[in-house]
K.L.:
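Right, I'll just put the structure down here and ask away after.
We count ligands from 1, going down the list as the structure has it; atoms in each ligand are counted the same way. This is a predicted model, so every value here is computed, not measured.
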Amino acid sequence: MIIRNAKVIICSPGRNFVTLKIETDQGVYGIGDATLNGREKAVVAYLEDHVVPLLIGRDASRIEDIWQALYRGAYWRRGPITMTAIAAVDTALWDIKAKAAGMPLYQLLGGASRNGVLVYGHANGADIAETVDQVGRYKDMGYRAIRAQSGIPGVKGAYGVGRGDMYYEPADAILPTETLWDTSSYVTFAPKLFEAIRNEHGDEIELLHDVHHRLSPIEAGRLGKSLEPYRLFWMEDCTSAENQEAFQLVRQHTVTPLAVGEIFNSIHDCRELIQNQLIDYIRATVVHAGGITHMRQIAGLAALYQVRTGCHGATDLSPASMGAALHFDLWVPNFGIQEYMRHSEETDAVFPHSYNFEDGYLHPGETPGIGVDIDEKLAAKYPYQPRQLPIARLRDGTMWNW
Ligand code: EZ4
Ligand code: CO
């Protein structure tokens with residue numbers, strides 16, 4: 001099966017998505033997500049200028065060899081742009097292989113390890129009362145695990161609080177929106193939020209929270225400790241993970257489980273945290289960490305240390321990402337949970353898919369391949385819109401981690 005054509009499709013049905021479509025001489029094609037929020041065009045150029053010319057004429061069935069050719073062959077290894085581009089190729093090739101085999105992708109990976117994929121949704125509100133209500137709304141929709149984020153009194157634009165009803169999207173302007181960050185207000189507020197949620201919704205529901213890289217290690221240790229009474233499923237990105245030794249300090253102070261890795265793109269980004277058992281969930285994901293091929297290696301390493309997967313699944317990861325992730329999740333032995341931020345109706349219409357939500361679980365469906373397609377005619381109606389992620393500053397104007 002020879003690759004005849006590969007094209008990059010950019011569309012913006014509510015938000016920007018970059019999709020790679022690989023076509024073969026036998027009429028089978030595959031798609032892969034290549035979206036890197038706020039930096040989409042860099043991946044488009046990488047694919048169009050440096051990757052597509054290498055693909056034409058290759059045997060589409062040689063997924064591993066093509067992965068190695070793109071990784072080793074570039075000489076310049078790793079990095080979000082490179083690894084997102086490789087992921088798009090890898091996902092599209094797995095889609096092709098599974099379609100050619102007439103199987104849903106999870107069957108090729110080794111079959112289902114579970115009946116469904118536990119997902120968590122995002123409840124957020126302007127204040128504690130609204131967030132408590134939103135958690136109830138997600139419970140009513142059938143979710144068993146819910147991430148809660150709330151506006152903080154006196155802090156403009158706290159992370160994770162949407163303006164719309166359901167579809168929170170942070171990349172909202174051509175130039176970055178400025179938000180405020182105030183650690184003292186936040187660390188006293190967050191335990192009150194979770195106390196209110198547990199009081200209203202009981203002990204059974206799984207609760208998650210994203211700190212979005214904003215605390216120092218000792219502040220993160222303190223927050224984790226103060227959240228212990230509310231039994232979080234995880235506290236995410238509690239401090240930035242560049243200096244990974246820092247997590248030892250967090251671990252010394254709290255038994256709140258830790259999740260890190262949505263911005264990781266390589267097994268080497270994950271290695272120190274996993275091997276030193278400094279985290280409980282690894283959040284690397286198919287689209288930003290080199291595709292199915294590389295995610296299998298990351299999960300294998302994690303399994304040695306009882307670290308489970310918790311793949312990133314925000315709306316900036318297209319339905320093609322979600323489909324691929326769900327096949328991976330249904331198979332992977334050390335699965336933990338999958339993030340699931342619902343896409344808008346426009347996005348869902350551009351990417352027809354077979355995955356479905358029932359009773360708190362997603363299932364990838366039985367369609368051969370990743371079970372997600374792209375309607376190119378409809379996609380063409382939504383041209384690219386330049387958008388960047390916000391930034392955060394402290395009260396005195398110091399640039400901070402968004
Ligand atoms: O802010 O994907 O856990 N989810 C997140 C996301 C990220 C966005 C950035 O593009 O932290 O919502
Ligand atoms: Co996050």
Side-chain angles (χ1 to χ4, degrees), residues 12 14-18 33-43 80-81 83-84 87 119-124 138 143 145-150 157-164 166-173 176-177 179 181 186 190 206-215 220 223 232-241 256-265 269-270 273 279-289 309-322 325 336-344 347 385-392 400-402:
S12 193
R15 66 161 340 288
N16 291 319
F17 294 111
V18 178
D33 184 20
T35 310
L36 186 64
N37 204 4
R39 293 292 183 270
E40 295 88 357
K41 288 288 188 80
V43 185
I81 312 288
M83 296 306 278
T84 300
V119 296
Y120 70 92
H122 285 204
N124 59 74
Y138 275 82
Y143 283 85
I146 302 166
R147 184 185 99 156
Q149 308 290 142
S150 169
Y159 166 77
V161 182
R163 287 164 311 281
M166 278 284 276
Y167 309 112
Y168 162 70
E169 174 46 58
D172 60 356
T177 301
T179 63
W181 182 246
Y186 168 72
E206 299 290 359
L207 294 174
L208 300 87
H209 183 63
D210 194 345
V211 185
H212 227 245
H213 327 266
R214 293 177 182 198
L215 301 180
L223 177 65
L232 261 54
F233 187 94
W234 78 36
M235 175 168 78
E236 175 180 337
D237 288 333
C238 61
T239 189
S240 71
T256 292
L258 303 178
V260 177
E262 69 183 33
I263 66 170
F264 290 177
N265 54 72
D269 296 332
C270 311
L273 288 177
I279 55 170
D280 303 281
Y281 297 92
I282 182 71
R283 279 180 52 69
T285 189
V286 171
V287 57
H288 298 136
T309 63
C311 293
H312 190 202
T315 42
D316 47 295
L317 284 69
S318 90
S321 268
M322 186 54 66
I337 200 165
Q338 168 68 51
E339 182 178 25
Y340 176 46
M341 246 172 118
R342 286 169 189 252
H343 289 106
S344 68
T347 297
Q385 310 278 330
R387 289 281 181 277
Q388 291 199 42
L389 287 167
I391 57 167
W400 202 244
N401 305 327
W402 174 71

K.L.:
Quickly, which of Val260, Thr256, Ile337 forms a side-chain contact (heavy atoms from CB on, under 4.5 Å) with Trp234? Name it, please.
P.N.:
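Output: one option passes, namely Ile337.
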K.L.:
Nearest 10° is fine: what angle sits at the Co ion (ligand 2) between OD2 from Asp210 and OE1 from Glu262?
P.N.:
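Once rounded, the angle between the two atoms at the Co ion (ligand 2) is 170°.
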K.L.:
Using distance alone, with no hydrogens and no angle criterion, decide if Asp172 and Thr177 have a side-chain donor and acceptor under 3.5 Å apart.
P.N.:
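Judged by distance alone, the side chains do pair up.
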K.L.:
Distance from Leu207 atom CG to Ile146 atom CD1, nearest 0.5 Å?
P.N.:
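Going from the CG atom of Leu207 to the CD1 atom of Ile146 covers 7.0 Å.
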K.L.:
So do the side chains of Arg214 and Tyr159 get within less than 4.5 Å of each other, counting heavy atoms only?
P.N.:
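Answer yes - side chains close enough.
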K.L.:
At less than 4.0 angstrom from any atom of ligand 1, which residues have a non-hydrogen atom? List them by chain and residue number.
P.N.:
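Close residues (ligand 1, cut-off 4.0 Å): Asn37, Arg147, Tyr159, Asp210, His212, Glu236, Glu262, Arg283, His312, Ala314, Asp316, Glu339, Leu389, Trp402.
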K.L.:
Just checking: Glu339, one of its N/O/S atoms, less than 2.8 Å away from the Co ion (ligand 2), yes or no?
P.N.:
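No N, O or S atom of Glu339 is closer than 2.8 Å to the Co ion (ligand 2), so no.
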K.L.:
Need the atom name: nearest N/O/S atom of Glu236 to the Co ion (ligand 2).
P.N.:
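Nearest N/O/S atom: OE2.
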K.L.:
Begin with the C-alpha distance, continue with both residues' side-chain angles, and end with the deciding distance and a verdict on salt bridge (Lys or Arg N to Asp or Glu O under 4.0 Å) for Asp210 and Arg147.
P.N.:
CA-CA 8 Å; Asp210 194 345; Arg147 184 185 99 156; 3.1 Å; yes
K.L.:
Begin with the C-alpha distance, continue with both residues' side-chain angles, and end with the deciding distance and a verdict on side-chain contact (heavy atoms from CB on, under 4.5 Å) for His343 and Phe17.
P.N.:
CA-CA 12 Å; His343 289 106; Phe17 294 111; 4.0 Å; yes
K.L.:
List for me each residue that meets salt bridge (Lys or Arg N to Asp or Glu O under 4.0 Å) alongside Arg283, sequence neighbours excluded, and say none if there are none.
P.N.:
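Salt bridge (Lys or Arg N to Asp or Glu O under 4.0 Å) check on Arg283 returns Glu236, Glu262, Glu339.
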